[in-house]
Amino acid sequence: MSLHASQLKSPEPSLELALAAADHAQAASPTETAAAFQRAQSYLTVAKYLQATSPAKVEARRKMIDAAIANGNQASLAHPEESEPYRVTGEAYLLKAGLLSQASDPAGFESIMDQAEVLINKAISKDSQNLSLYASLLNLYRTKANRALAAGADPTPISEEGITASAPPESKNSHNEYLVQHLLINLTLARYNLDHGRNSEKIVSDELAQVRFYQKSKDYRVQTILGSLYCVQALYCLDAKCDVDKLLGEAQRYAAESKASSPQPWHRAYIVSLWTYAIKALSYAQRKQDPKEVIAAGLTAAADCLAHSHEDPTCYTHQATLRLVEAQWRLVHGKSPEEALKRAGEVAGRALDRALDNQRYEALLVMARVHYTAALAQTQASRPLPGKVADSVDAGLEAIGRGLDSRRDRPLAVALKGCLWLLRGKLARTAAERSAALGQADELLMQALAKNPLLESVYASEVAAIGALRQSAPAGHAGATGQHRSPRAAAR
């Protein structure tokens, strides 16, 4: 079964055979106590496969996880001196934690994480030379780091503690699974750095050097994660003015190599490939280059992504970004963005309908950007309709509010919320309403810029518009101050 999963073939058809074999072995020799471990490992293998390839199958995953825990506990009672039963049960608890929302059930999440940590450390105490156990421990810390990131906290201390605590024998990095977990925890750090305007160039170069040294550059999972790291660094370079094209070229290369080297279509490689086109479209628009051809190529990549990923919500999110860039480009050049905005909204809606907890923030953020762009388009109409602008602003604030509920204190989302309040201030009917709205906008934008200084150049015109409106624009006037937004601000 594990071989099937490693080759991206479903182990589900083999599950019943594996369970039957374990039952037969136990029936033939009632004193044989390994059957429980075999069952636990079988259930865990299916649960991991479902998480990697079909995360939306929540109930099927839950059933496999609970069965793995039950049989793992039975196996560890029968073999308290062995490490593997503790590892399997600990990993199953980690998967169970992934099914919970930390925001809605923090006590339950922490309890499950504590159980996972105890079990994995107990496994290491039984066999300190087993490299796979350190990969499990690093996976535990990566889960903690991701939850810290979702809560708006800095995951760096957790990640560093995890890397230190997961220091196995010298050959640790030659073990594929450990290297994958090491890359993933650093991808979490890079995402945090991106949110806060920090450069992750050293993370990328260090991880690349490690992959090359241990000759793991042909592993399809490693290639996909490296591609993701390059995408994150490219997004940083959109604001930091470094070489976006070079980074995206590397990301596309790794995505292509991952597709070529995976034994079956690996959906994450298609997601990374699509992501590069979304970033490239943003980059073209930022440089005032027509993104039409990039968007067309990106939409083809989106179709491939959806076909190979069971319609993963992330594919829809990146597709919506492409449509949003198209709408912004048309808006800036005096053309109607209506059709592109309609398509962006439809695709963002599909992302939201399918999003799991860890995917919902990105889907809500892109939906809020669609509403913001729609509001901007209305303010630029020959005869603006304040009611339509207000409806778009309200819808954008509702989406971004929900996004910040699931990913607190994210500077990009806070800045976008400030921009929406700025538009509300332009539409205010009274001086008091305008002052209150502009005060909110100013506070939110200053909060975002304090956490990510690179956003200062992105939102300079909004900050200037707040001051200008406070001094001059009459209440209820959705005038031209700050109205010509670049795709860089509205689509990001």
Side-chain angles (χ1 to χ4, degrees), residues 1-15 18 40-69 87-88 90-100 116 132 135-136 138-140 142-143 145-146 175-185 187-188 191 216 218-229 254-255 257-275 304-318 354-359 362:
M1 289 182 65
S2 296
L3 178 62
H4 277 81
S6 68
Q7 294 177 341
L8 296 178
K9 296 178 182 178
S10 175
E12 293 173 273
S14 304
L15 176 60
Q41 181 65 63
S42 298
Y43 285 121
L44 180 66
T45 299
V46 175
K48 284 183 172 182
Y49 177 82
L50 290 174
Q51 182 190 48
T53 61
S54 305
K57 295 182 178 179
V58 175
E59 288 309 313
R61 290 164 58 199
R62 192 189 313 277
K63 180 180 177 181
M64 294 296 109
I65 290 167
D66 288 344
I69 290 173
R87 175 191 63 80
V88 167
E91 288 188 4
Y93 271 113
L94 274 183
L95 294 180
K96 188 169 186 175
L99 294 176
L100 288 180
S132 67
S136 299
L138 195 52
N139 186 19
L140 181 142
R142 181 173 66 86
T143 304
N146 282 330
H175 189 273
N176 276 28
E177 189 57 36
Y178 184 91
L179 183 56
V180 165
Q181 294 301 331
H182 197 280
L183 282 162
L184 286 171
I185 201 168
L187 179 59
T188 298
R191 289 182 182 277
K216 300 296 180 182
K218 300 303 181 184
D219 185 296
Y220 66 91
R221 296 175 302 166
V222 168
Q223 290 163 335
T224 302
I225 302 165
L226 285 173
S228 296
L229 278 169
Y254 278 114
E257 289 180 358
S258 179
K259 292 176 188 176
S261 60
S262 60
Q264 299 289 329
W266 175 230
H267 70 287
R268 296 190 188 279
Y270 290 89
I271 290 173
V272 172
S273 181
L274 172 56
W275 194 8
D304 288 343
C305 186
L306 291 166
H308 290 94
S309 69
H310 302 285
E311 297 194 349
D312 190 295
T314 308
C315 300
Y316 284 117
T317 300
H318 293 323
R354 293 163 173 78
L356 302 176
D357 280 347
N358 64 338
Q359 299 166 317
E362 297 294 343

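We're numbering straight along the sequence, starting at 1.
Across all non-hydrogen atoms, the minimal contact from Cys315 to Ser309 is SG-OG, 3.3 Å. Taking each heavy atom of Ala116 and Leu140 in turn, the nearest pair found is C-CD1, 3.7 Å. Nearest heavy atom pair, residue Leu44 against residue Ala68, reads N-CB, 3.9 Å. Shown here for Trp275 and Arg191, the closest heavy-atom pair between the two residues is CH2-NH2, 3.8 Å. Shown here for Ile69 and Ala92, the closest heavy-atom pair between the two residues is CG1-CB, 3.5 Å. Between Glu177 and Arg221 the shortest heavy-atom distance is OE1-NH1, 2.8 Å.
The shortest side-chain heavy-atom distance between Leu183 and Leu229 falls under the 4.5 Å cut-off. Contact annotation: the side chain of Ile225 never approaches that of Arg268 to less than 4.5 Å [non-hydrogen atoms, C-beta and beyond]. Looking at heavy atoms from C-beta onward, Asp312 lies in side-chain contact with Gln359 at the 4.5 angstrom threshold.
Between the side chains of Gln41 and Arg87, a donor-acceptor pair is found at a separation under 3.5 Å.
For residues 44-53, the pairs satisfying salt bridge (Lys or Arg N to Asp or Glu O under 4.0 Å) are Lys48-Glu91, with sequence neighbours left out.
Expressed to the nearest 0.5 Å, how far CG of Leu306 lies from CD1 of Ile271 amounts to 9.5 Å. Taking CD1 of Ile65 as the start and CD of Gln51 as the end, the distance is 7.0 Å to the nearest 0.5 Å. Taking CZ of Arg61 as the reference point, atom CG of Leu50 lies at 8.0 Å (rounded to 0.5 Å). A distance of 8.0 Å separates NZ of Lys96 from CZ of Arg62, quoted to the nearest 0.5 Å. Of the inter-residue distances, the one linking Ser273 atom OG with His318 atom NE2 reads 10.5 Å to the nearest 0.5 angstrom. The CD atom of Gln181 sits 4.5 Å away from atom CZ of Arg142, with the distance rounded to the nearest 0.5 Å.
Applying the side-chain hydrogen bond (donor to acceptor under 3.5 Å, both in side chains) test to Ser258 and every residue at least two apart in sequence or in another chain returns Thr224. Partners of Thr188 according to the side-chain hydrogen bond (donor to acceptor under 3.5 Å, both in side chains) rule, which considers only residues two or more places apart in sequence or in another chain, are Asn146.
Trp266 and Tyr220 have perpendicular rings, their planes meeting at more than 60° on a 0 to 90° scale where under 30° would count as parallel.
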Subject >> His182 vs Leu138, side-chain contact (heavy atoms from CB on, under 4.5 Å): CA-CA, chis, key distance, verdict >> reply: CA-CA 7 Å; His182 197 280; Leu138 195 52; 3.9 Å; yes
